[in-house]
Amino acid sequence: MTEIRRIGVLTGGGDCPGLNAVIRAVTKDAIFHGIDVVGIEDGFLGLIENRTRPLGYEDVSGILTTGGTILGSSNKANPSRYATGVDASGAPIFEDVTDRCMQAAREHRLDALVVIGGDGTMTCARPFSALGLPCIGVPKTIDNDIVGTELTFGFLTAVATATDALDRVHTTAASHHRAMVVEVMGRNAGWIALFAGIASGADVILVPEIPFSVDAVADVVTRRSKHGKRYTVVCVSEGARPEGGEQVVERTDPTSPDPIRLGGIAKWLSTQIEDATGVESRYTVLGHVQRGGSPVASDRVLATRFGHHAMELLKAGTLDRMVAWNDARMTDVDMALPAGKQRTIPEDHPLLDAARSVYTSFGR
Ligand code: F6P
C-alpha cells in the first residue's frame, strides 16, 4: 500500500451548505497528520484543466459556517465523458479526458483524492482508482437521495430554509384566505417536501413517489375553505406529478451528466386549484435559496464527522469507499453503490404515516 503523503480534494455537482465544513475537516486532519492537501478548483474541471491550489491551515480557518464551497464546483465535468465542443448539428461532442486528469494528478504528486459530491461525482471518481489514484467519497446533497447513506449534510439546512419559507407563506395564506402552493427542490426524491411539509404543518404534501390527483387536492382546498381555516398550504416537490401525467421540466442541459432540470409544477397546480375550486391561489418557487446560506448546527457536525471519517479511512488504507451515516452511526460503503441510483421515499416510510395521522393529505 502506498503511504498517503499528499491528497487532492474537490467538490463536484450542485453545491450545498456544509461543503466548506468538510473541506476544513479534511484539511485540518490531514495537516495534523503531516499530509499535504491540494485543493482542486471547480470539481473535476480543475483536474481536467489543471487548476489547483495548496490548502493550508489559514485557507480553511473560519469557513466552518459559510455556505457554498471555497473550491468552486461544476456539475458538467465528467472526465470520462467531457463535452469538448459541438458537431455540425449543434450536438455536444464528448471525449474521455481521464488521462489528462491523471497527468495533472501525477504532476501534483497526489496519492489519493477526496471527492465531495453526489452520485454523479462518485461515478466520475471510479475510473481513477483503476488507474492507481484511489478515492474516498463524501456524499453531499440537499436532496438526501444518495443510495448508501441515510443522511447527507446540506439536507437539514435546506429543510430549515424551506420550513421557514412555508411558515411565512402560512400567515399570508391565512390573511387572504388563499391556497398557497410552495415548490421545493429534491429532484426525483420527496425528502425535502416531506420533512419541511411536516415541520411547517402543510395541509397537502406532494412528492414524486406518490403521484397525486388534482381532484383530491382540490377537495382539501374546498373543504378547508368552507369548514376550516379558509386557507390551504400545499408543499410540492419539484419532481411531483399528477396521476397519469408527467413531471414538469423547466429546461434540459445536454452537456450535464443529469440533463433534466425540473421546475414549474407549483405554477401549474395553483392554476388547477383555482379553476377547480374558485379559491384564489398563488405559488412560490423556493429554488436555489435552499442550496445557499450557512449550514445548520447538525449539518456542521455531520460534515465535520464525514471529513474526519474520510481521513481515518485514508490513513488506514481503506480506499474507494464512500463515508456514510447509517443506523445513527458513522460508517462507509462501496463507492460504486450510489452510481446511477436515487434513494427515494419508500412507500412504508414511517413519516408518511405520521403525516397522515395529523390529517396531512398526499393528494390521493
Ligand atoms: O441536486 C440538487 C439540486 O438543487 C436539485 O434539488 C435540483 O433539481 C437541481 O440540483 C438544480 O440544479 P441546477 O443548480 O443545475 O439548476
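Both ligands and their constituent atoms are indexed starting at 1 by order of listing.
Of all atoms in ligand 1, numbered sequentially from 1 with element shown, those under 4.0 Å from a heavy atom of Arg187 are 1 (O), 5 (C), 6 (O), 8 (O). For ligand 1, the atoms sitting less than 4.0 Å from at least one non-hydrogen atom of Asn75 are 15 (O), numbered in the order shown with element in parentheses.
Of the protein's non-hydrogen atoms, the one nearest atom 7 (C) of ligand 1 is Glu238 OE2, 3.4 Å. Among protein heavy atoms, atom 13 (P) of ligand 1 sits closest to Arg261 NE, 3.4 Å. Of the protein's non-hydrogen atoms, Asp143 OD1, 2.7 Å is the one closest to atom 6 (O) of ligand 1.
For ligand 1, the polar-atom distance check finds an N/O of Gly186 within less than 3.5 Å of one of the ligand's N/O atoms.
Among Ile7, Val9, Val38, the single residue meeting the side chain to side chain contact (heavy atoms under 4.5 Å, CB included) criterion with Leu55 is Val9.
Closest approach of Pro338 and Asp119 over heavy atoms only: O-CB, 3.6 Å.
The side-chain tip of Arg343 points at the ring of Trp191 from less than 6.0 angstrom away and within 45° of straight on.
Remark: among candidates His288, Arg291, Gln290, the nearest residue to atom 9 (C) of ligand 1 is Arg291, based on non-hydrogen atoms.
Salt bridge Arg224/Asp203: present, at least one basic N to carboxylate O contact under 4.0 Å.
The shortest side-chain heavy-atom distance between Thr232 and Met180 does not fall under the 4.5 Å cut-off.
Atom CZ of Arg6 sits in a crowded spot, with more than 12 heavy atoms from other residues, nucleotides or ligands closer than 6.0 Å.
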